[in-house]
Protein chains: 2
Amino acid sequence: MRRKAAVAQGRDAGTVTLEMVAEAAGVSASTVSRILNGTAAVSQLKRQSVDDAIARLGFVPNPVARGLAGGRTLSVGVITQSIDSPFYGTAMRGIEEALDPAGYSPLFVSGHWNAAEESRCIDVLRSRRVDGIIVLTGRLSDQALRSYAKSLPVVVTGRSLKAPGLVALNFDNFEGARLATRHLIELGHRHIAFIAGDPLHPDATQRQRGYQAALEEAGLSYDPQLVAPGLYQEDSGLSAVEALLRTRRRFTAIFAANDQMARGAALGLHRRGLRVPTDISLVGFDDLPASRYALPPLSTVRHPAQDIGRLAAQAMLDLLRGVKPAVQSPAPEIVVRESCAPPAR
Amino acid sequence: MRRKAAVAQGRDAGTVTLEMVAEAAGVSASTVSRILNGTAAVSQLKRQSVDDAIARLGFVPNPVARGLAGGRTLSVGVITQSIDSPFYGTAMRGIEEALDPAGYSPLFVSGHWNAAEESRCIDVLRSRRVDGIIVLTGRLSDQALRSYAKSLPVVVTGRSLKAPGLVALNFDNFEGARLATRHLIELGHRHIAFIAGDPLHPDATQRQRGYQAALEEAGLSYDPQLVAPGLYQEDSGLSAVEALLRTRRRFTAIFAANDQMARGAALGLHRRGLRVPTDISLVGFDDLPASRYALPPLSTVRHPAQDIGRLAAQAMLDLLRGVKPAVQSPAPEIVVRESCAPPAR
DNA sequence: TTGTATGCGTTATCAT
DNA sequence: ATGATAACGCATACAA
């Protein structure tokens with residue numbers, strides 16, 4: 001056991017306990033706890049002396065003990081998919097921002113786009129007694145999510161489903177993709193290629209449907225030869241362009257299902273001596289921070305990761321407070337930069 | 001208090017305690033604990049029945065209680081500067097990778113390049129009973145770090161300092177910058193501009209010294225007019241180029257103190273109709289994942305964030321095991337891509 | 001080798 | 001309104 005000495009010698013290396021505060025203030029531990037949590041009314045007098053003692057000793061409650069004792073830990077678990085993702089990284093930042101002023105702290109774990117791993121993450125988070133869990137997209141089944149929500153508040157992004165104790169925050173990928181495609185059409189493009197995202201992601205298929213819908217409503221034919229498979233990573237964008245070029249099909253614009261692939265596509269085009277937007281127009285999706293500094297700056301669909309993170313965290317806070325969360329998903333909008341132009345030929 | 005019922009009904013929502021295991025196996029709780037931690041020798045027989053009971057009940061130890069009881073929590077705190085940084089994100093991934101097989105999990109908190117905030121982070125991590133702390137660079141004083149290391153193993157990157165219980169993992173920024181500059185010189189450049197990093201970062205000033213050293217050893221004069229201030233962000237790279245161009249000083253190459261500023265610089269050059277590398281050669285520093293897909297792909301100094309994260313985590317693991325960590329910082333090397341060419345004029 | 005008792009810092013229950 | 005006291009789930013001296 002660690003030495004227990006050093007009662008009132010101010011910060012013995014951060015081990016000032018609630019009990020010490022109680023002693024210093026001449027009250028019981030329960031009273032201190034009550035003041036800390038606002039659990040019950042206490043006399044002004046005692047409150048004063050307790051507050052003093054807290055300040056004097058530099059007491060800071062121990063969240064671990066708090067969690068053990070059955071109370072809240074003031075922490076919410078966040079399952080991201082990879083800790084170094086440009087998109088989810090921004091979302092995490094939004095979560096941090098919203099949680100902090102409320103006194104909560106996030107606990108980040110990575111699921112690596114793997115349902116089994118995500119399950120383990122949930123276990124880890126639960127064992128750490130988090131008060132709630134935010135799941136950024138992921139591969140967990142709606143079923144599983146619903147079940148988790150029975151014992152713990154859950155907020156999930158990238159889906160729409162309803163369940164008690166669960167709030168889903170979806171983004172209109174379909175509409176976003178339609179906007180992007182329509183933008184190209186309005187510029188005069190008639191042959192628009194599409195680089196698809198990982199088919200395992202629901203948002204990827206939604207984006208593809210948006211692309212098709214825009215084509216249809218413009219009376220343009222959908223040519224399967226003009227859609228190349230991709231995996232949401234830069235390299236797959238590059239290979240997609242190569243595949244597209246190999247078909248020798250004519251196209252004057254490319255819509256990539258995300259910015260990362262658009263980057264890869266830009267490089268592929270460059271390698272073949274094709275200029276953006278002079279020869280080929282290019283649109284992405286997500287508006288990653290980096291896209292504003294791409295060459296040329298990339299036109300894309302704004303997918304406000306930071307706002308989404310913030311909203312998710314706010315919904316969680318509401319859930320925790322017991323108030324009904326009123327979340328409004330942000331609407332997609334196109335951000336026009338310099339990667340698109342009317343078709344040359 | 002929560003209901004205590006449901007003893008052996010397997011997973012009542014994840015509340016199988018060590019005590020239940022003990023009962024089911026017909027041994028005492030201490031024995032179970034000992035088996036779990038390898039604290040003492042136990043008979044094969046009991047071990048067998050305990051292992052069975054653990055598997056049967058699906059028991060998973062509660063790290064919160066573990067931490068409270070004074071033992072390890074099998075978690076290490078990681079102070080990053082911003083949760084969405086491309087560079088530190090990669091480092092965090094390396095940490096995750098190295099910690100996971102050892103059964104440890106990281107706890108990420110962001111210091112936002114602010115010493116006071118970092119101090120608070122340390123408090124938070126300590127109150128959560130992490131077994132050790134990894135600090136990714138940051139603004140804490142060496143002094144403070146040393147003091148923290150007295151009560152907790154600390155690994156810090158981006159510095160060199162020695163203290164008991166502390167291992168520092170530095171990177172040779174000076175040499176890296178010298179390599180980059182020398183690369184330009186070897187291509188024939190004589191007028192090389194430099195975009196400096198945030199002067200508050202020690203690595204930024206080291207990189208600048210490396211640049212000067214390379215100039216000197218080549219007998220080239222150092223022209224203060226050719227170094228533009230920057231803040232390590234894309235936008236400052238852009239303004240730096242504009243400032244450089246405004247001086248009307250002649251230069252045929254730019255060395256930016258990091259890839260993010262190099263990106264911004266590339267855009268600035270593009271806006272002025274200057275082509276990379278035909279008109280101006282460009283080198284960065286860090287080799288961010290994105291730089292391989294820049295247009296043109298950026299030549300840069302490899303700064304292996306993931307390896308650094310992994311090494312830091314391994315050093316922490318060694319510290320925790322009580323073995324002397326033998327860390328070898330990775331050496332900088334230049335990665336030649338397509339953003340450099342011999343000077344045109 | 002194994003069990004018993006106690007403590008970790010806090011909250012919650014039950015008195016008063 | 002306030003104070004004992006018992007959990008929370010586990011680890012660890014100490015005894016056997």
Side-chain angles (χ1 to χ4, degrees), chain A residues 1-7 12-50 54 57 59-75 126-129 131, chain B residues 1-7 12-23 25-50 54 57 59-75 123 126-129 131:
Chain A
M1 298 284 108
R2 273 182 307 257
R3 71 271 171 268
K4 182 171 186 163
V7 177
D12 158 66
T15 318
V16 182
T17 73
L18 182 150
E19 208 168 340
M20 297 178 191
V21 173
E23 187 176 333
V27 302
S28 77
S30 334
T31 300
V32 178
S33 173
R34 280 193 271 260
I35 294 185
L36 251 40
N37 300 285
T39 312
V42 287
S43 69
Q44 269 308 320
L45 217 87
K46 307 221 170 201
R47 152 160 293 146
Q48 194 48 255
S49 71
V50 167
I54 289 183
L57 300 180
F59 167 75
V60 40
N62 181 333
V64 173
R66 255 183 165 149
L68 225 209
R72 286 101 261 137
T73 48
L74 293 183
S75 64
R126 267 219 298 234
S127 73
R128 292 200 185 279
R129 293 285 188 275
D131 298 339
Chain B
M1 295 284 107
R2 277 183 304 261
R3 74 273 169 265
K4 181 167 183 168
V7 176
D12 159 70
T15 319
V16 182
T17 72
L18 182 149
E19 208 169 338
M20 297 178 192
V21 173
E23 186 176 332
V27 302
S28 77
S30 359
T31 301
V32 178
S33 171
R34 281 193 270 260
I35 293 185
L36 252 41
N37 301 286
T39 312
V42 287
S43 68
Q44 270 307 321
L45 218 85
K46 306 223 168 201
R47 153 159 290 145
Q48 195 47 254
S49 70
V50 167
I54 290 182
L57 300 181
F59 167 75
V60 41
N62 180 332
V64 173
R66 248 179 175 159
L68 227 210
R72 285 103 260 134
T73 48
L74 293 183
S75 64
D123 285 343
R126 266 220 297 237
S127 72
R128 292 201 182 278
R129 291 287 188 275
D131 298 339

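Naming: A, B, ... by sequence-line order, numbering from 1 per chain.
At whole-Å resolution of the value, CG in B:L68 and P in C:dC8 are 10 Å apart. When rounded to the nearest whole Å, the span between CG of A:L74 and P of C:dT11 equals 10 Å. In this structure, B:R129 places its CZ atom 13 Å from C1' of C:dG7, rounding to the nearest Å. The CE atom of A:M20 sits 14 Å away from the C1' atom of C:dG7 (whole-angstrom rounding). Atom CZ of B:F59 and atom P of D:dG9 are 10 Å apart (whole Å). Straight-line distance from the CD atom of B:Q48 to the C1' atom of C:dT1: 17 Å, rounded to whole Å. Separating the CG atom of A:L45 from the P atom of D:dA1 is a distance of 14 Å, rounded to the nearest angstrom. When rounded to the nearest whole Å, the span between CZ of A:R34 and C1' of C:dT10 equals 13 Å.
Where B:N62 and A:V42 meet DNA chain D, the nucleotide closest to each residue was compared, and A:V42 sits on the side nearer the 5' end. The residue among B:A65 and B:T31 whose nearest nucleotide of DNA chain C lies closer to the 5′ end is B:T31.
Phosphate proximity of D:dT2 to A:S30: absent, as no side-chain N or O sits under 4.0 Å from OP1 or OP2. Phosphate contact (OP1/OP2 of D:dC10, side-chain N/O of B:R66, threshold under 4.0 Å): absent. Taking 4.0 angstrom as the limit, A:S43 places a side-chain polar atom (N or O) nearer than this to OP1 or OP2 of D:dT2. Contact between the side-chain N/O atoms of B:S28 and the OP1/OP2 oxygens of C:dG3 is found at a separation under 4.0 Å.
For A:V27, the side-chain atoms get nearest to D:dG3 when compared with the rest of D:dG3, D:dG9, C:dG3.
By the 4.5 Å heavy-atom criterion applied to side chains, B:L18 and B:S33 are counted as neighbours. Taking the side chain as every heavy atom from C-beta outward, B:E23 and B:L57 never approach each other to under 4.5 Å. B:I54 places a side-chain heavy atom less than 4.5 Å from the side chain of B:L36. Two residues are said to be in side-chain contact when any heavy atoms from C-beta on lie closer than 4.5 Å; A:T17 and A:M20 meet this criterion.
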Q) Please walk me through it: do B:N62 and A:S127 pass side chain to side chain donor-acceptor pair (under 3.5 Å)? A) CA-CA 5 Å; B:N62 180 332; A:S127 73; 5.7 Å; no

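As judged by a 4.0 angstrom heavy-atom cut-off over every strand, B:S33 is placed among the base-contacting residues.
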